[in-house]
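One structure is given below, encoded as structure tokens.
Ligands are counted one by one from 1 in listed order, and the atoms in each one are counted from 1 as well. Just so it is clear, the structure is predicted and the values come from calculations on it, not from any experiment.
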Amino acid sequence: MKKRDRIVRYSAPERINHWIVAFCFVLAALSGLGFFFPSFNWLMHSLGTPQLARILHPFVGVVMFAAFMIMFFRYWKHNLIERSDLEWAKNIHKIANNQEVGDTGRYNFGQKCVFWLAIISLVLLLISGIVIWRPYFAGNFSIPLIRIALVVHSVSAVALIIVIMVHIYAALWVKGTLTAMVEGWVSSAWAKKHHPRWYRAVKAKQSTSQQPNKGP
Ligand code: HEM
């Protein structure tokens, strides 16, 4: 593919930021599942030893949250739900058949749902995680509150794992998406097909920046 057929979607710092979140997510999810189910205890070794996993798991979670917040403040505007998203949602059966519907901007309705569900579960994980974090914070809270926090922590962790499984499936399923987060670019054809409104905005910006400076 010619370089001029490529459109930049993510800069290198944005991609590093995303992969830090993804790396921390995998470690926190594996070690967390290891604590939760006896049959998954062996997963605690994903953070070295079970003892080390117990110490590191909350710190990995905090790093994931902090890195995600950078993504949150960078992308929240692009993820606001618009009226046109309803058309996408109503025609989800067509999307499942690889057709495109509506004049999608930088992100489609499915991606927007992943974004908001991820931030909601991450906030719940952080708050409940602090309440149950021994030896640093748990001593400040009552036993019933710690029990409630344990339920909230487990439910939001399972929700986030399901959301991210959908996110990964979609990233692999829509051909040409992965290069966006690996190399930073997508093809013009990909952008035109899946995100036509974003494509037009990028092209309009490119043509105004290429216009010759007429001088004063
Ligand atoms: C572990 C494997 C993962 C893979 C393969 C993956 C892949 C991708 C790809 C290809 C994109 C670009 C999509 C586009 O621009 O259209 C993307 C965007 C994004 N990813 Fe991931 N990702 C992973 C994990 C995660 C995790 C763990 C999180 C958050 C907890 C996350 C949050 C996001 C967000 C917020 C975006 C921007 C899309 C938006 O704002 O709606 N990703 N990811």
Side-chain angles (χ1 to χ4, degrees), residues 6-33 43 46 57-58 60-82 84-85 88-89 95 98 100-129 153 155-202:
R6 294 177 178 185
I7 298 178
V8 174
R9 191 147 162 94
Y10 296 104
S11 64
E14 283 179 292
R15 282 176 277 144
I16 292 168
N17 187 174
H18 173 271
W19 291 117
I20 289 173
V21 174
F23 185 63
C24 292
F25 167 80
V26 171
L27 289 181
L30 290 180
S31 53
L33 287 170
L43 283 175
S46 55
H57 172 92
V60 173
V62 169
V63 174
M64 168 169 66
F65 183 85
F68 189 84
M69 286 319 284
I70 301 173
M71 294 180 78
F72 178 80
F73 288 115
R74 209 189 282 263
Y75 306 128
W76 71 271
K77 272 195 187 147
H78 301 294
N79 283 288
L80 292 175
I81 310 283
E82 300 155 302
S84 61
D85 289 322
W88 193 96
I95 306 291
N98 244 337
E100 279 300 330
V101 180
D103 196 20
T104 305
R106 187 176 165 113
Y107 297 119
N108 63 38
F109 184 61
Q111 290 174 301
K112 291 179 182 182
C113 289
V114 165
F115 180 84
W116 292 109
L117 290 171
I119 186 66
I120 292 169
S121 29
L122 281 168
V123 168
L124 290 175
L125 280 166
L126 182 78
I127 297 170
S128 57
H153 203 74
V155 171
S156 32
V158 171
L160 184 62
I161 290 170
I162 294 170
V163 165
I164 297 305
M165 280 166 72
V166 172
H167 176 65
I168 296 171
Y169 182 77
L172 299 174
W173 183 54
V174 181
K175 236 178 124 223
T177 306
L178 219 49
T179 59
M181 227 9 131
V182 178
E183 295 177 44
W185 58 269
V186 287
S187 69
S188 295
W190 180 95
K192 216 189 270 183
K193 180 169 185 221
H194 301 293
H195 301 274
R197 188 152 47 90
W198 176 70
Y199 173 78
R200 291 198 304 275
V202 171

Quiz item: Under 30°, 30 to 60°, or over 60°: which ring-plane class applies to Tyr169 and Trp173, parallel, tilted or perpendicular?
Solution: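 Plane angle under 30°, so parallel.
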
Exercise. Measure the acute angle between the ring planes of His195 and Tyr107, then classify it against the limits of 30° and 60° as parallel, tilted or perpendicular.
Key: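 The rings of His195 and Tyr107 stand perpendicular, inter-plane angle above 60°.
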
In terms of residue, atom name and distance, what is the protein heavy atom nearest to [atom]?
{"atom": "atom 28 (C) of ligand 1", "answer": "Ile164 CD1, 3.6 Å"}
{"atom": "atom 38 (C) of ligand 1", "answer": "Tyr107 CE2, 3.5 Å"}
{"atom": "atom 34 (C) of ligand 1", "answer": "Met71 CE, 3.5 Å"}
{"atom": "atom 11 (C) of ligand 1", "answer": "Met181 CG, 3.7 Å"}
{"atom": "atom 5 (C) of ligand 1", "answer": "Trp19 CH2, 3.7 Å"}

Of the backbone atoms (N, CA, C, O) and the side-chain heavy atoms from C-beta on, which set of [X] has a member under 4.0 Å from an atom of ligand 1: side chain, backbone, both, or neither?
{"X": "Thr177", "value": "both"}
{"X": "Ala118", "value": "neither"}
{"X": "Asn79", "value": "side chain"}
{"X": "Phe72", "value": "neither"}
{"X": "Gln111", "value": "both"}

In terms of atom number and element, which parts of ligand 1 are under 4.0 angstrom from non-hydrogen atoms of [X]?
{"X": "Ala22", "value": "1 (C), 24 (C), 27 (C)"}
{"X": "Phe115", "value": "35 (C), 40 (O), 41 (O)"}
{"X": "Val21", "value": "28 (C), 29 (C), 30 (C)"}
{"X": "Ala171", "value": "7 (C), 10 (C)"}
{"X": "Phe25", "value": "27 (C)"}

Quiz item: Closer than 4.0 angstrom: is that true for some heavy atom of Tyr10 and an atom of ligand 1?
Solution: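 Yes.
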
Quiz item: Do Arg106 side-chain atoms and Trp198 backbone N/O form a donor-acceptor pair below 3.5 Å?
Solution: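 Not a single qualifying donor-acceptor pair exists.
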
Residue pair [X] / [Y], side-chain heavy-atom distance below 4.5 Å:
{"X": "Ile95", "Y": "Asn108", "result": "no"}
{"X": "His153", "Y": "Leu125", "result": "yes"}
{"X": "Glu14", "Y": "Arg9", "result": "no"}
{"X": "Leu126", "Y": "Val62", "result": "yes"}
{"X": "Tyr10", "Y": "Asn17", "result": "no"}

Self-check item: Neighbour count >12 (heavy atoms, 6.0 Å) for atom NZ, Lys193
Solution: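 Yes, enclosed.
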
Quiz prompt | N, O or S atom within His167 nearest to atom 21 (Fe) of ligand 1, by name | solution =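 Within His167, restricted to N, O or S, atom 21 (Fe) of ligand 1 is closest to atom NE2.
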
Exercise. For the pair Phe72 and Trp116, evaluate ring-ring contact (aromatic ring centres under 6.0 Å, His included) and give the outcome as yes or no after the intermediate values.
Key: CA-CA 9 Å; Phe72 178 80; Trp116 292 109; 5.8 Å; yes

Quiz item: Just checking, any donor-acceptor pair under 3.5 angstrom between side chains of Thr179 and Trp185?
Solution: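 Side chains of Thr179 and Trp185: no pair found under 3.5 Å.
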
Quiz item: For ligand 1, is there an N or O atom under 3.5 Å from any N or O atom of His18?
Solution: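 There is such a contact, yes.
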
Quiz item: Can you check whether Arg9 has an N/O within less than 3.5 Å of an N/O in ligand 1?
Solution: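 Between Arg9 and ligand 1 (N or O atoms, distance only) the closest approach is under 3.5 Å.
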
Quiz item: When rounded to the nearest 0.5 angstrom, what distance separates NE2 in His194 from OG in Ser187?
Solution: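 That separation rounds to 8.0 Å.
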
